[in-house]
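Only this structure's heavy atoms are used, side chains among them; waters, hydrogens and symmetry mates stay out. Numbered from 1 within each chain, the chains take letters A, B, ... in sequence-line order.
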Amino acid sequence: MSNQKPSLPRGTRDFGPDKMVKRNFIFDTIKATFQKFGFMPLETPAMENLSVLTGKYGEEGDQLLYKILNSRPHEARDSEKEKMRQDFNRLLTQNTNSPVLTEKGLRYDLTVPFARYVVMNRNEIKFPFKRYQIQPVWRGDSPQKGRYREFYQCDADVVGTDSLLCEAEIVLMMNEVLSKLGIKDFTIKINNRKILTGIAEAVGSPGKEGDLCVAIDKLDKIGREKVEKELEERGFSRESVEKLNPVFSLKGSFAEQKKVLSELFASSETGRKGLEELGQVMQLVEAFEIGNTHLEFDTTLARGLSYYTGAIFEVKAHHVQIGSISGGGRYDNLTGSFGMPGISGVGFSFGVDRIYDVMEELNLFPQNNFTTTRVLFSHFDEAALLYTLPLLKQLRENGINSEVYPEAGKLKKQLDYANSKQIPFVVLVGSDEMASGKLTLKNMQIGSQQQVTLEELIKAVIL
RNA sequence: GAGGUUGUAGCUCAGCCGGUUAGAGCACCUGAUUGUGGUUCAGGGGGUCGCGGGUUCGAACCCCGUCUCCCUCCCCA
């Protein structure tokens, strides 16, 4: 007999019934909102060809991809085996791809598989195409608070239009979902990739917006002097750093920040375009008149994914130490790498696992009794069990969630079962009940019992 | 990838300076109650002390390695 203790891969979790009802509450809320805004569902396989996945997430992202070993390598031909050995040795020292060893990987997000789907089905798809997708993704990150190796994303994307209305509606959906879940204190940070490019250009360091953001992002944490130092370490000239002065002192309303940036962007057309786009998105959001938009312009918002080209979003919940719970942005050329240029898209994603953690920590889950069974039939022997079956069927036909204790056990055990499952009603069936035709209905909350007919039972128990 | 931390029953954790048979609470099972749960009482089952090695007469405890948990940085959902 094996004594091996069962275990779970790092960064993965089971979700028991109590967790699942809470998770489903989140999934249902998100799904309903997506559908309300006109999005249709899509599912794609857990695994994709590596050619689809690699090169889409930047260097960091590629390193975190889970690659799947080709099946049955031991059955390969000898010549292939030699190639495998060589490639494997190379893999031990460099991060290389080897089709003889691995050609598939687990999906890293839902956007790239979506882009692949769009390209492969371009003739059937009616544009603009709005789809939502709720599936797990995998990343070989080291797990920590709010970070898992398997987690769900809930994506909604629109492709085939560059209308900024899509961006505005994303802001609306973020607001709707979070407020329905009871998360009231949060910020939707918004920026535009073109503004970042503009700043890098204006400062005389085009193409270095990534380094720029990483450093500027730390302004609050480590102070201005250290940020400037870090910028120089990252290869920015003294002159460039000095030109960043206005960026460092950015504050106030969007209009005020826009003014400062406009001056900076005198020589950067890209920067001006970014500002203009952002302004329009802000305007469109306002036009929906939803009250508090939670929207905040943040020049330091960068986001790692390399495919964003326009607006970028990130949502941060307040009062909890958990990373962003939602994020997204516009990508002008995601399908371009699959040979279908000129399709602009914008999308975003909710991180259910993090939303769950936030809600748990802030105690936001409704106190509802999540038990689904309403009535349990308990019985004393085989004859009584058989007697309950047509009654059970009748209750179910009336839409009442009900079950019968499947074996003839002690009543104590059956009641204990009902109790631990928080089932509110138990119907006792034994020789007395079968003789009289009246059922004993027990209310588990207050402990009372009464004799009832089937009709009375249904009436008493129905919601 | 860098750093810190943790691992003892199903769960939460005690276990002193190395000493004889490793404990508690909760949970579970049985009985008091052969047709009545959530209260009470009595009893019971459960452990390769993360794994491998070392020191020692003797290791849960000390040393080395390794894995794992959680956390920070980086990055992200």
query: Under 6.0 Å between the ring centres of Y356(A) and F365(A)?
result: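 Here the rings of F365(A) and Y356(A) have centres that are less than 6.0 Å from each other.
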
- request: May I ask you to check whether F297(A) and F254(A) place their ring centers less than 6.0 Å from one another?
  value: yes

Quickly work out the [X] [atom1] to [N] [atom2] distance and round it to whole Å.
| X | N | atom1 | atom2 | answer |
| --- | --- | --- | --- | --- |
| K316(A) | A77(B) | NZ | P | 13 Å |
| Q144(A) | G3(B) | CD | P | 15 Å |
| L301(A) | A77(B) | CG | P | 10 Å |
| Y57(A) | A77(B) | OH | P | 11 Å |

What protein N or O atoms touch nucleotides 34-39 of chain B N or O atoms at under 3.5 angstrom, if any, and at what distances?
| unit_1 | atom_1 | unit_2 | atom_2 | d |
| --- | --- | --- | --- | --- |
| G35(B) | O6 | S431(A) | N | 3.4 |
| G35(B) | O6 | S431(A) | OG | 3.4 |
| G35(B) | O6 | D432(A) | N | 3.2 |
| G35(B) | O6 | D432(A) | OD1 | 3.4 |
| G35(B) | O6 | D432(A) | OD2 | 3.3 |
| G35(B) | N1 | E433(A) | OE1 | 3.1 |
| G35(B) | N2 | E433(A) | OE2 | 2.9 |
| U36(B) | O2 | K442(A) | NZ | 3.0 |
| U36(B) | O2 | Q449(A) | OE1 | 2.8 |
| U36(B) | N3 | Q449(A) | OE1 | 2.4 |
| U36(B) | N3 | Q449(A) | NE2 | 3.4 |
| U36(B) | O4 | Q449(A) | NE2 | 3.2 |
| G37(B) | O2' | D416(A) | OD1 | 3.4 |
| G37(B) | O2' | N419(A) | ND2 | 3.3 |
| G37(B) | N1 | M444(A) | O | 2.6 |
| G37(B) | N2 | N419(A) | OD1 | 3.0 |
| G37(B) | N2 | M444(A) | O | 2.6 |
| G37(B) | N3 | N419(A) | OD1 | 3.4 |
| G38(B) | O4' | N419(A) | ND2 | 2.9 |
| G38(B) | N2 | Q445(A) | O | 3.1 |

Residues D357(A) and Y148(A): side-chain donor-acceptor under 3.5 angstrom: yes

query: Stacking check: are the rings of F350(A) and A77(B) less than 5.5 Å apart at their centres and under 30 degrees in tilt?
result: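 Stacking between F350(A) and A77(B): absent.
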
field: Within 6.0 angstrom of K31(A) NZ, more than 12 heavy atoms from elsewhere
entry: no

- prompt: Is F88(A) atom CZ crowded by more than 12 heavy atoms from other residues, nucleotides or ligands, each under 6.0 Å away?
  reply: no

Between [M] and [N] - [atom1] atom distance, rounded Å:
| N | M | atom1 | answer |
| --- | --- | --- | --- |
| C64(B) | U6(B) | P | 14 Å |
| G7(B) | U66(B) | C1' | 13 Å |
| C49(B) | G15(B) | C1' | 10 Å |
| G25(B) | A14(B) | P | 16 Å |

- request: Counting Watson-Crick and G-U wobble pairs only, both distances under 3.5 Å, name the nucleotide matched with U66(B), or none.
  value: G50(B)

task: Hunt down the Watson-Crick or G-U wobble partner of C28(B), both distances under 3.5 Å, from any strand shown, or write none.
output: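 Pairing partner: G44(B).
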
message: Categorize Q153(A) for me: base, sugar-phosphate, or nothing, with a 4.0 angstrom heavy-atom threshold over every strand shown.
response: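 Result for Q153(A) = sugar-phosphate.
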
- request: Name the nucleic acid region contacted by Y417(A), choosing base, sugar-phosphate or nothing; use a 4.0 angstrom heavy-atom cut-off, strictly under.
  value: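 Y417(A): no heavy atom of the nucleic acid under 4.0 Å.
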
- request: Please state whether the phosphate of C75(B), meaning OP1 or OP2, lies under 4.0 angstrom from any side-chain nitrogen or oxygen of R147(A).
  value: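 No.
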
query: When you match D353(A) and S142(A) each to their closest nucleotide on RNA chain B, which lands nearer the 5' end?
result: S142(A)

Extract all donor-acceptor atom pairs below 3.5 Å that involve side chains of residues 454-463 of chain A and protein atoms in other chains or at least two apart in sequence.
| unit_1 | atom_1 | unit_2 | atom_2 | d |
| --- | --- | --- | --- | --- |
| E456(A) | OE1 | T453(A) | N | 2.8 |
| E456(A) | OE1 | T453(A) | OG1 | 3.4 |

Report, one line per pair, each donor and acceptor closer than 3.5 Å where one atom sits in a side chain of residues 111-118 of chain A; sequence neighbours left out.
| unit_1 | atom_1 | unit_2 | atom_2 | d |
| --- | --- | --- | --- | --- |
| T111(A) | OG1 | D155(A) | OD2 | 3.2 |
| R116(A) | NH1 | E48(A) | OE1 | 3.0 |
| R116(A) | NH1 | E48(A) | OE2 | 2.5 |

